[in-house]
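Everything on this sheet refers to the single structure shown next.
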Amino acid sequence: MYNHIKIEKKWQKVWEKEKTFKTTGNKNKKYYVLDMFPYPSGTGLHVGHPEGYTATDIVARYKRFNDFDVLHPIGWDAFGLPAEQYAIQTGNDPLSFTNKNINNFRVQLKSLGFSYDYDKEINTTDPKYYVWTQWIFSQMYKNGLAEIKEIDVNWCEVLGTVLANEEVIEDEDGNKVSERGSFPVYKKPMKQWILKITNYADKLLDGLENLDWPNSLKNLQRNWIGKKIENGKTTYHLRDWVFARQRYWGEPFPIAFDEDNNILLIENLVELPIMKNIKPSGNGESPLANNNDWLYFIHEGKKYRRDSNTMPQWAGSSWYYLGYILKNDDGTYLDLNSTEAYSRFEKWLPVDLYIGGQEHAVLHLLYARFWHKVLFDLKIVPTSEPFLKLINQGMILGSDNQKMSKSKGNVIDPMLIINSHGADTLRVYEMFMGPLTDTKLWSEKAIDGTKKWLDRVWRIISKYIDGECKIDIENKNIELESNYNILIREVTKNIEESKFNIAISNFMIYINYLYKINCINDKKYLTNFLILLSPFAPHISEELIEKLGNEQMINQIWPKYNESRIILDKLSVVVQVNGKVRANIDISETMSENEIIEKAKSVKNVSKFLGLNKIVKTIIIKNKLINFVIEIK
């Protein structure tokens, strides 16, 4: 067994000190790989979070090996209602505990070994960031896309704020309630800022055609926009976006009113004031309405009153993927409308791969696409769409088959797993559970198996490092050369197709073969295996490649396979029982599926585990793996 705590801390320190994953800008190819940035809650990460983050990290590391400039950033969606409610309930300042939560999240992410460039980190509550959120709003106002309108709004008395249509759901009795907290919502006439997203309804529909997104997600957007043509008249389900919120913890509007209610657009930053009392004002306005020192000011001899509303949480997340591109090493941001910013956008846009949960299918993704199209029309960005390819990762359920939640007591803290099994184990396990897009069930036993497999990798490569197994250049092995080339070909294809679970099956097949032969004629069979493994299990791979006398992974290149070295007549298939490897069988490509199944069942170490138990399912990955799922009596 290897000391995962020691090795993982060692490499995390090296990566941080050397800024190993700093965004570079001098290659001919670029890849922008993005996670939906987290809301930094007080509870920290749970084991569902690392699933999507590990997938993007695998791709980011793979692309670096393939000579791409890679932008792989992280940040914090830190304004919003949960922090405000918590602050009101506990008497805390939302800024201080939001920053505390962010620090905790960052520690957790670093302990998982994700290859983020932390110089690019953004925080939506940073005035240097939200001045540009305000600037985008001001451009919308100047171009007739933002206006104050008296409309019937969704008022939530308990939350003390207006909600957008997309934030209101129906409970089981058909009553309108807030998506967050399920509090009663009713219609109330109010003067509110609205953004004219309906002006972009057709562009939002047309833009979906060329995106590499799941059809189910595209259809959710199409249905929400809801274009219908009746008797020659075009109608839409989509309504203009109610953009004001009557709460404290959000971006202030760059807007003030004179005594005749004429609007003054403020061209520079309007900073959110620090306030002790952030309870709703009681008159339908935000808590900022109680802060007279901030509210009133004199400009060119006239008295003005600031807009006391704040923007919804969706404001900062509607353009954050651009914020990463604008962020400089010294913590400042390029001007969004500068020539240099446009040049950076030309390099990095659109986002090549975006991974996140399907719960954002309408709200965030529709809003971000709307803002992006406005900026495109204003010639601020060079592309009409922000996110080229999008994958929704599936949910990881608790071992009780329920969605993880504090109230059910089934949440698993990833830090406990990192301490007991290691970050590499957690990463490999979450990728091996099944296809990225599937809903999966957490299993303590299966994660133990993943740790044992990484121990096995450590043991076999250590045997060559310690001299227990020999590297004999005279001992050429055609079968090893074939298996090695198959491994490179298959893992490369698996990563390109986001089939990370199958890639891990291929690693297992190869390690089983290395165990069988105990002698190789070239170190490449070990070093290149570690390069392939490192996007999945970066710490153990860095440690072993160093022990083999090689440079760090950042200086390595992705191995290439030679098809002519692959022997086609014999294939090795892994046989599992309930997900645990029990044997390897050799098959020929001409064998039928039934013949392969029967051969697998006949192997002594498989049949003894099958016993008299009922086989409820047989999972077959062609020419790779058979898994007998049994019902244990």
Side-chain angles (χ1 to χ4, degrees), residues 36 38-39 41-43 46 48 77 79-90 94 149-195 197-198 216-217 219-221 223-226 236-250 278-287 309-318 356-367 392 395 397 402-411:
M36 291 190 181
Y39 179 82
S41 68
T43 52
H46 63 68
D77 190 13
F79 271 133
L81 204 52
E84 180 156 328
Q85 285 180 287
Y86 180 76
I88 291 167
Q89 287 157 12
T90 60
K149 214 172 175 182
E150 174 132 348
I151 48 168
D152 280 347
V153 296
N154 302 306
W155 177 254
C156 181
E157 192 70 45
V158 179
L159 298 176
T161 188
V162 162
L163 299 172
N165 289 341
E166 293 87 342
E167 294 171 300
V168 178
I169 56 172
E170 283 191 0
D171 66 12
E172 55 215 20
D173 301 320
N175 301 311
K176 303 277 190 194
V177 293
S178 60
E179 187 181 38
R180 183 170 291 284
S182 297
F183 300 120
V185 171
Y186 60 90
K187 290 289 185 188
K188 176 180 176 180
M190 281 178 88
K191 277 190 171 176
Q192 290 289 293
W193 281 107
I194 59 133
L195 298 185
I197 192 171
T198 52
S216 58
L217 198 153
N219 287 332
L220 281 168
Q221 292 218 349
N223 293 340
W224 191 262
I225 295 165
Y236 299 89
H237 169 262
L238 183 68
R239 293 288 172 266
D240 281 332
W241 179 6
V242 180
F243 195 66
R245 296 292 181 272
Q246 294 66 47
R247 59 190 190 219
Y248 167 72
W249 192 234
I278 58 165
K279 287 182 178 161
S281 63
N283 61 1
E285 288 196 73
S286 94
N309 291 307
T310 53
M311 297 185 198
Q313 185 173 352
W314 309 105
S317 64
S318 291
Q358 189 159 1
E359 66 272 20
H360 300 291
V362 174
L363 282 163
H364 159 60
L365 290 172
L366 198 63
Y367 293 161
N392 292 134
M395 196 179 287
L397 303 176
Q402 304 261 334
K403 183 178 175 180
M404 285 190 193
S405 72
K406 268 169 68 183
S407 60
K408 294 193 186 89
N410 63 353
V411 174

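We number each residue from 1, following the sequence as shown. Predicted model, so just to flag it, every value in this text is computed and none were measured.
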*Contact check, side chains of E167 and W314, non-hydrogen atoms, under 4.5 Å*: yes

_Between D240 and I197 (side chain of the first, backbone of the second, donor and acceptor by atom type, cut-off under 3.5 Å), is there such a pair?_
yes

*Do any N or O atoms from the side chain of S178 and from the backbone of F183 form a donor-acceptor pair under 3.5 angstrom?*
yes

_Surrounding NZ of K187 (heavy atoms of other residues, nucleotides or ligands, distance under 6.0 Å), is the total greater than 12?_
yes

_N/O donor-acceptor pair under 3.5 Å between Y86 side chain and S41 backbone_ = no

*If you look at every heavy atom in A361 and L217, which pair is closest and at what distance?*
CB-CG, 3.9 Å

*Under 3.5 Å, is there a donor-acceptor pair between the side chain of N175 and the main chain of E170?*
no

*Using a distance-only test with no angle check, is there a side-chain donor-acceptor pair under 3.5 angstrom linking N309 and Q246?*
yes

*Might you confirm whether atom NZ of K188 has over 12 heavy atoms from other residues, nucleotides or ligands at distances under 6.0 Å?*
yes

*Give a yes or no on whether the backbone of G174 and the side-chain of D171 come within a donor-acceptor separation of less than 3.5 Å.*
yes

*Using a 4.5 Å cut-off on heavy atoms from C-beta on, say whether the side chain of F243 contacts that of M311.*
yes

*For M395, look at atom CE and say whether over 12 heavy atoms of other residues, nucleotides or ligands are found less than 6.0 Å away.*
no

*Take atom NZ in K408; do more than 12 heavy atoms of anything else shown fall under 6.0 Å from it?*
yes

*Decide salt bridge (Lys or Arg N to Asp or Glu O under 4.0 Å) for R245 and E84; before the verdict, give the C-alpha distance in whole Å, the side-chain angles of both, and the deciding distance to 0.1 Å.*
CA-CA 12 Å; R245 296 292 181 272; E84 180 156 328; over 6 Å; no

*Within the side chain of N154, is there an N or O that forms a donor-acceptor pair under 3.5 Å with the backbone of L163?*
yes

